[in-house]
Every structure is written in structure tokens, then in C-alpha cells.
Protein chains: 2
Amino acid sequence: MTSKPPKRSTRIQQRNRDLIMEAALEVFSLYGFRGSTLDQIAERSGLSKPNLLYYFKGKEEIHRLLIDRLLETWLDPLREISAEGEPASEIRKYINRKLEMARDYPRESRLFANEMLQGAPHIQEELYDLKVLLDEKVVLVRNWIKAGKLADIDPYHLFFSIWATTQHYADFDAQVQAVLDEGPAREHRFETAAQFLDKLFTGGLAP
Amino acid sequence: MTSKPPKRSTRIQQRNRDLIMEAALEVFSLYGFRGSTLDQIAERSGLSKPNLLYYFKGKEEIHRLLIDRLLETWLDPLREISAEGEPASEIRKYINRKLEMARDYPRESRLFANEMLQGAPHIQEELYDLKVLLDEKVVLVRNWIKAGKLADIDPYHLFFSIWATTQHYADFDAQVQAVLDEGPAREHRFETAAQFLDKLFTGGLAP
DNA sequence: CGTGGAATTTACCAAGTGGTCAAAATTTAT
DNA sequence: ATAAATTTTGACCACTTGGTAAATTCCACG
């Protein structure tokens, strides 16, 4: 009955868990769950395979923890959309934050995309949480529309289009880079994208 | 030196090759190249694994043929954008065709997405062909802008946004369906999407 | 028919896979 | 320093993987 002391994790545990998660993110985001191997993760992390499995129960657990960690921060920008702000600027802010995330965390975006492509087998619950939060914001947008502050568009598809256009720069980066000439066009693609999306949505959402 | 007669393929060959390609599309589009197995493809096609390999040299060849076939038709809508037509309606037509393809050929879209997520390792050449064609259309759009028929936006990113928003409904269908309430909203998602995208781009591209 | 090529199956690899286990090495606390 | 706890490794294992070879069945044709 005596519960053992909290057993706080040591420095080594912290470091190695981080190393593994980092390597796993790299691998899973590239090949998806089924296409990734523990050997790849082991090599990238600099640890041996049995050593990985000393820190995590198995491949599934590593993947699940990655997805959990991802979803935690993924929805932050959506949460921050505020009913108080000016509609146009709230949406612009949201687009910009999403675009920054695509730029700064492309692997997380690809991990998510991989999961979606496979039909989201591991995150049905989390998708429900997303729905609840989204429904809230949809009401908010509907009110903006009713108040004549936004064009009369379908809010769900508005969010779809924002997700699609911003995450595209992470998920399809290979295509984006292949198509843009090397040099400034390629290098400043995120700035140009920000400008373009700003114009597109500003014009497209004006009442 | 005597070249053998053309050796036209039999009915059985035709049928089985089709069966295999169909099954392979299903599997590859879900799991990507590394995550898919010949056994899965064999099972789905109703043939035995050695029988698959009687018709194709190996996993790589099947995948490559699928990608080749995909790219052949993938660019058709882009090719059809005409300098003669009205800018706004040409772009609207393009968006609608792309959306129809996402609806009718979601597996092809996901196959492409999988390839992109992994950095497009197998289709660097084809991406160059895409770039050539796209550059052509970019000039066209630039002329429309110069003529004052379109807002002054970056044409490359315009195409990125069209690709992203339309393919989203195939690639992220799991998310789209999870978020939309079951019933008409979910069932008519492509019609609603068409309406939304029409408004978004019409408004966003008006000069 | 029956026979020669086409199609299919059976029985296999060798390499790669996720995972286990006990022993060895190392770190930590006393 | 040394015992205890933690960390790491090497040797494995059962199963899956892409692929092969030979034997067998099927089938169109004279």
C-alpha cells in the first residue's frame, strides 16, 4: 500500500527521452507510422534499439506521445481567436500564426498530415476535441457575419482553407521549392506567402 | 536480329495488370511507399504474391507506374487554362476541375501527397515538367494582372493556394468528415466547398 | 484432342522487423 | 570506497518482408 516516492526522472532520462522523441519526429514525419522503423529512430538518436525500448514501451507509444505533444500546441492559435477583436484582424492574425508554425515546425505538420492521410486511425478522440473547439469558433464567425463584418461564407470551409493553405508550405515543401526558382523567390517563400494569403483572405472575406 | 512479333498482351494480362494497379493504388495511397507491402497488394487484388511479380518486376515498378499514370492526368486541368478566356472564369473553372478531381480521385491525390511528404524522392524530373508548365501559366496570369483584370497577387502562390484548398478535401478527408456534423453538411461537403472557394477566390482576386 | 506457351502455385530464401532478456557497464547515494 | 540502482549492450527470437525457382495448371490453337 505504500506508494513509492514520485521517482523524478534523472538528467540522463530527460536527455535520452528528448533525443528519442526528436529522432522519432524526424522519422515518423517522413515515412508515417508503418513506414518508419525503430532501427531508423535508434540510429538517428544515437542510441541502441534495446536502449530505446528501455525508455519507451514500443513503437506505438513513441508515436502516440509525439502526436499527443503535437496536438497540445497545434490548437493554440485557434483558441486565441477572440470575439473581442476586429474580425478581419483576428483572422489575419490566425493565418499568420498558422503560417509561422508551418515554417518553424514543418515536421510536426507532416506528422499530422501523415496521420490524416491514413485516415487518422490513432486520433479519433482528439479530432472530437478539435471539433468542439472549432464549433465554438464557427459560432463566433457566424456572429461576425450576421453583424455584417464578414462576407457570408461557410465558416467550416473558411477554416479548412486556412489550414490547407498554410500547412501546404510545410507538407508540400518539396513541390513548392521545386517549382520556385532558386534565389529570393524560394528563399522568401514564407514572406511572399504571407502577403499573398493576406490579400486573398482580406479580399475574399470583405462583406 | 529477328524482332519477335509485337506480343500483344492477352485479355488475362490486361485484367490482372489492372487488378494489381487498382489494389496498389489503394494501398500505396494509404501507407506510402515504405509503409505498403506486396502482401497487402496481393491480397487486395486477389492474386498471389509471386503472381504479382510475374506481371511486374517489383514493388518499385508498380509504384513508379502508378505515379507516372497519375501525373499524366494530374496536369490536364492546368494545361486547359486558356489565355483566350475571361481571367475570373478561367480560374473558377480550374478550381472547380481540381475540386472534382479531389472528389472523384481521392486516392490519386493521396498518393501524390504521400510522395510529397517524403520529399518527392521518385519524381524530381516530373516536378521539373510541372515547373515548366506552371511557369507558362504564371506568365499568363501576370498578363491578366497587368491588364488590370486581376488583383496584383503572386501567381505562384495563387496556384499553391488552389492546389492546397482543393486537394485538402481528398488528403484530409478524415479531418473534414470528423469535424463536419453527419448529415447534409458532411454529405454535401464538396458542393459547399465549391461555393466557398468560389466566393473566396472571386473576392480575393478582384482587381 | 494434344501440345506449347501463358498463368499460377508451392516451397523457399535472405534480410529486415519489433521486441525480449540477462549480463555488463555505469552512475548515484551512502 | 562500495553497495544499490540505473543505464547500456549483445545475443537472441519469432515474424514479416521483397523476391526467386521450379513445378504445376490453364488455355488457345492447329
Side-chain angles (χ1 to χ4, degrees), chain A residues 2-67 114 118 121-122, chain B residues 2-67 114 118 121-122:
Chain A
T2 62
S3 61
K4 287 170 193 159
K7 198 189 241 183
R8 65 207 174 67
S9 58
T10 67
R11 244 165 277 106
I12 293 178
Q13 266 171 47
Q14 195 55 256
R15 177 177 54 90
N16 283 348
R17 276 181 207 277
D18 287 353
L19 278 174
I20 293 167
M21 292 293 268
E22 160 69 23
L25 174 60
E26 189 75 28
V27 174
F28 280 132
S29 71
L30 261 175
Y31 303 112
F33 181 74
R34 296 227 25 206
S36 303
T37 73
L38 286 180
D39 288 296
Q40 288 175 297
I41 299 173
E43 187 174 10
R44 261 209 146 75
S45 67
L47 302 179
S48 67
K49 185 166 56 169
N51 208 170
L52 290 198
L53 295 163
Y54 170 73
Y55 289 104
F56 298 96
K57 274 193 205 133
K59 191 182 174 184
E60 294 243 34
E61 189 186 63
I62 300 176
H63 188 251
R64 163 144 289 277
L65 284 173
L66 269 180
I67 296 241
N114 259 309
Q118 290 169 33
H122 302 95
Chain B
T2 64
S3 60
K4 287 170 194 158
K7 201 188 237 182
R8 60 205 179 70
S9 58
T10 68
R11 245 165 276 107
I12 293 178
Q13 267 172 47
Q14 195 55 254
R15 179 178 53 91
N16 283 348
R17 276 181 208 277
D18 287 353
L19 278 174
I20 294 167
M21 292 292 269
E22 160 68 22
L25 175 60
E26 189 74 28
V27 174
F28 280 132
S29 71
L30 262 173
Y31 303 113
F33 181 74
R34 292 227 31 203
S36 303
T37 74
L38 287 180
D39 287 298
Q40 287 175 299
I41 299 173
E43 187 173 11
R44 262 208 146 76
S45 67
L47 302 179
S48 66
K49 184 167 56 168
N51 208 171
L52 289 198
L53 295 163
Y54 171 73
Y55 289 103
F56 298 96
K57 273 192 208 136
K59 191 182 175 185
E60 295 243 35
E61 190 187 65
I62 301 176
H63 188 250
R64 163 145 290 276
L65 284 173
L66 270 180
I67 296 240
N114 258 311
Q118 292 169 31
H122 301 95

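All values below were derived from every heavy atom in this structure, side-chain atoms included, with hydrogens, water molecules and symmetry-related copies excluded.
Taken from CD1 in B/Ile41 to CD in B/Glu26, the straight-line distance is 11.0 Å, to the nearest 0.5 Å.
Considering only side-chain atoms of A/Asp39, the nucleotide from C/dG18, D/dT17, C/dT8 that sits closest is C/dG18.
Within the 4.5 Å cutoff, no side-chain heavy atoms of B/Leu65 are placed close to those of B/Ile62.
Residues from residues 49-60 of chain B lying near DNA chain C, meaning a heavy-atom separation below 4.0 Å, are B/Pro50, B/Asn51, B/Tyr54, B/Tyr55 in numerical order. Residues from residues 23-35 of chain B with heavy atoms under 4.0 angstrom of DNA chain D: there are none.
The residue B/Ser48 sits close to a base: some heavy atom pair falls under 4.0 Å.
Contact annotation: B/Arg11 does not reach the phosphate of C/dA6 (side-chain N/O to OP1 or OP2, under 4.0 Å). Between A/Asn16 and the phosphate of D/dT6, there is no side-chain N or O to OP1/OP2 separation shorter than 4.0 Å. Between C/dA7 and B/Gln13, a contact under 4.0 Å exists linking OP1 or OP2 to a side-chain N or O.
Per the geometry, CG belonging to B/Leu47 stands 12 Å off C1' belonging to C/dT9, to the nearest Å. Protein atom CG of B/Leu19 is 13 Å distant from nucleotide atom P of C/dA7, rounded to whole Å. D/dG19 atom C1' lies 15 Å from atom CD1 of B/Ile20, rounded to whole Å. Between B/Ile41 atom CD1 and D/dT16 atom P the separation is 18 Å, expressed in whole Å. Between B/Gln14 atom CD and C/dA7 atom C1' there is a gap of 16 Å when expressed in whole angstrom units. Atom pair B/Arg15:CZ and D/dC26:C1' shows a separation of 12 Å (rounding to whole Å applied).
Under the 30°/60° scheme for interplanar angles, the aromatic rings of A/Phe28 and A/Phe33 are found to lie parallel.
Pairing each heavy atom of B/Leu52 with each of B/Leu38, the nearest pair is CD1-O, 3.7 Å. Taking each heavy atom of A/Asn114 and A/Gly32 in turn, the nearest pair found is ND2-N, 3.5 Å. The shortest heavy-atom contact between B/Ser48 and B/Ala42 is C-CB, 4.1 Å.
With hydrogens and angles ignored, the 3.5 Å screen pairs no side-chain donor or acceptor of B/Arg34 with any backbone N or O of A/Thr37.
Residue-environment remark: CD (A/Glu43) stays at or below the threshold of 12 foreign heavy atoms within 6.0 Å. By the 6.0 Å contact criterion, OH on B/Tyr31 is open, its count of non-hydrogen atoms from other residues, nucleotides or ligands being 12 or less.
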